[in-house]
Amino acid sequence: MSEPKNSGRARRLLQIFFDTFLVRNIVLVKLLGLCPIVVAAVNLKAGVTLTVCVALALLPTAFLMSLVGEKLKPVIRVPLYTLIALGILLGAGYVLGTYIDAELYASLYLFLPLLAVNSLMTYRVGGFAVVSRPPEAMADALGSVFGFGVVICIVATVREFLAYGALWEIRLLPHPPLAAAASPFFAFLMLGFMAALSQFVRELLRRFVAGEVSVSYE
């Protein structure tokens with residue numbers, strides 16, 4: 001009896017993860033977390049760093065709120081998870097600037113504290129995690145992190161290559177093909193294209209599952 005129950009629970013967690021990661025991508029569908037992508041994600045190193053920082057802040061706060069959040073009044077709950085996320089991000093910023101890459105920290109130090117009050121954080125922690133059990137809250141938080149991370153790293157990679165002719169700050173081209181790719185406007189264009197492509201793929205999959213689209217192997 002326990003094996004089918006555990007199997008059903010695992011499927012439920014996977015469904016939550018992929019729903020948050022792909023079907024309702026936190027960036028491309030919900031339009032959350034745009035600021036660091038548009039302004040700060042000008043190279044892949046920055047994109048990966050911001051993804052790690054989002055994970056460090058979102059995962060523990062989502063877990064904590066799934067345990068005690070519903071027992072707290074909103075006037076206490078919101079400042080609590082905001083301060084926890086802020087403390088984690090300030091600590092991460094200190095480690096990044098002191099021990100890892102001071103130059104990278106200098107380019108991101110304004111955005112790290114802002115992640116604590118980012119719409120992505122308040123929407124997932126203050127919304128889903130508060131009314132969910134810890135496993136579901138963590139599956140949703142992981143889906144949010146992966147959804148944010150994939151988008152920001154794709155945008156950062158394309159912008160770095162076109163604007164600087166480099167990848168992970170390693171020069172690949174002697175002359176950058178499109179310096180304007182570093183601008184926020186180009187990032188908005190990329191996000192719009194990716195959102196449209198995501199919607200097209202979701203609609204195609206929906207029609208395929210519904211039997212409206214057939215695949216021929218002939």
Please find the pair of heavy atoms, one from G33 and one from F148, that lie closest to each other, and give the distance. O-CE1, 3.6 Å

Taking all heavy atoms of A180 and all of S183, pick out the closest pair and write down the distance. O-OG, 2.7 Å

Please report the interatomic distance CD(E136) to CD(Q15), rounded to the nearest 0.5 Å. 11.0 Å

Honestly curious: do V29 and I16 fall in one hydrophobic cluster under the side-chain, below-4.5 Å linking rule? no

Does E160 use its side chain to pair, donor to acceptor, with the backbone of V42 at less than 3.5 Å? no

Identify the two heavy atoms, one from M190 and one from V155, that lie closest to each other, and give their separation to 0.1 Å. CE-CA, 3.9 Å

Check against side-chain contact (heavy atoms from CB on, under 4.5 Å), V150 and F21: CA-CA 9 Å; V150 167; F21 172 38; 3.8 Å; yes

Working to the nearest 0.5 angstrom, can you tell me the gap between K45 NZ and L108 CG? 11.0 Å

With a 4.5 Å limit on heavy-atom distance, are the side chains of L191 and V151 in contact? yes

How about S198 and R202: does a side-chain donor come under 3.5 Å of a side-chain acceptor? yes

Check the hydrophobic clustering (I, L, V, M, F, W, Y; side-chain heavy atoms under 4.5 Å; chains of links allowed) and say if Y109 and L86 are grouped together. no

Supply the atom-to-atom distance L115 CG to L50 CG, rounded to the nearest 0.5 angstrom. 6.0 Å

For residues L112 and L90, determine if any side-chain heavy atom of one lies less than 4.5 Å from a side-chain heavy atom of the other. no

So which heavy atom on R159 is nearest to which on A181, and how close? NE-O, 3.1 Å

Main-chain N/O of Y164 paired with R171 side-chain donor or acceptor, under 3.5 Å: yes

If we check side-chain contact (heavy atoms from CB on, under 4.5 Å) with K30, which of these qualifies: V27, L32, L28? L32

If we only count heavy atoms from C-beta on, is the Y123 to N118 side-chain gap below 4.5 Å? no

Heavy-atom distance under 4.5 Å between the side chains of V23 and F18, does that happen here? no

Hydrophobic cluster membership, M65 vs L83, 4.5 Å side-chain cutoff: no

Would D140 and S132 count as a side-chain contact (heavy atoms from CB on, under 4.5 Å) here? Give the steps. CA-CA 10 Å; D140 178 77; S132 303; over 6 Å; no

Just wondering, do F161 and L167 contact through their side chains at under 4.5 Å, heavy atoms? no

Answer yes or no: are there more than 12 heavy-atom neighbours, outside R77 itself, under 6.0 Å from its atom CZ? yes

Look up atom OH in Y94 and atom OH in Y99, then write down how far apart they are to the nearest 0.5 Å. 4.0 Å

Between T98 and V95, is there a donor-acceptor pair closer than 3.5 Å when you use the side chain of the first and the backbone of the second? no

Please lay out, stage by stage, how L114 and C35 fare under the test side-chain contact (heavy atoms from CB on, under 4.5 Å). CA-CA 9 Å; L114 290 177; C35 180; 5.5 Å; no

Looking only at heavy atoms, the pair that brings I76 and P79 closest together is O-CD, 3.4 Å

Quick one: pull up CZ in R12 and CZ in R133 and give me the separation to the nearest 0.5 Å. 8.5 Å

Would you compute the distance between atom CZ of F17 and atom OG of S144 and round it to the nearest 0.5 angstrom? 9.5 Å

Decide side-chain contact (heavy atoms from CB on, under 4.5 Å) for Y81 and T122; before the verdict, give the C-alpha distance in whole Å, the side-chain angles of both, and the deciding distance to 0.1 Å. CA-CA 9 Å; Y81 70 69; T122 56; 3.9 Å; yes

Side-chain heavy atoms nearer than 4.5 Å, only ILVMFWY residues, links allowed to pass through others: does that put L189 and L197 together? no

Would you say F186 and L178 make side-chain contact, with heavy atoms under 4.5 Å? yes

Is any side-chain heavy atom of P113 less than 4.5 Å from a side-chain heavy atom of L89? no

With a 4.5 Å limit on heavy-atom distance, are the side chains of V125 and L64 in contact? no

Would you name the heavy atoms of A62 and A137 that are closest together and state the gap between them? O-CB, 4.0 Å

Is it true that V117 and V38 fall in one hydrophobic cluster, defined by side-chain heavy atoms closer than 4.5 Å? no

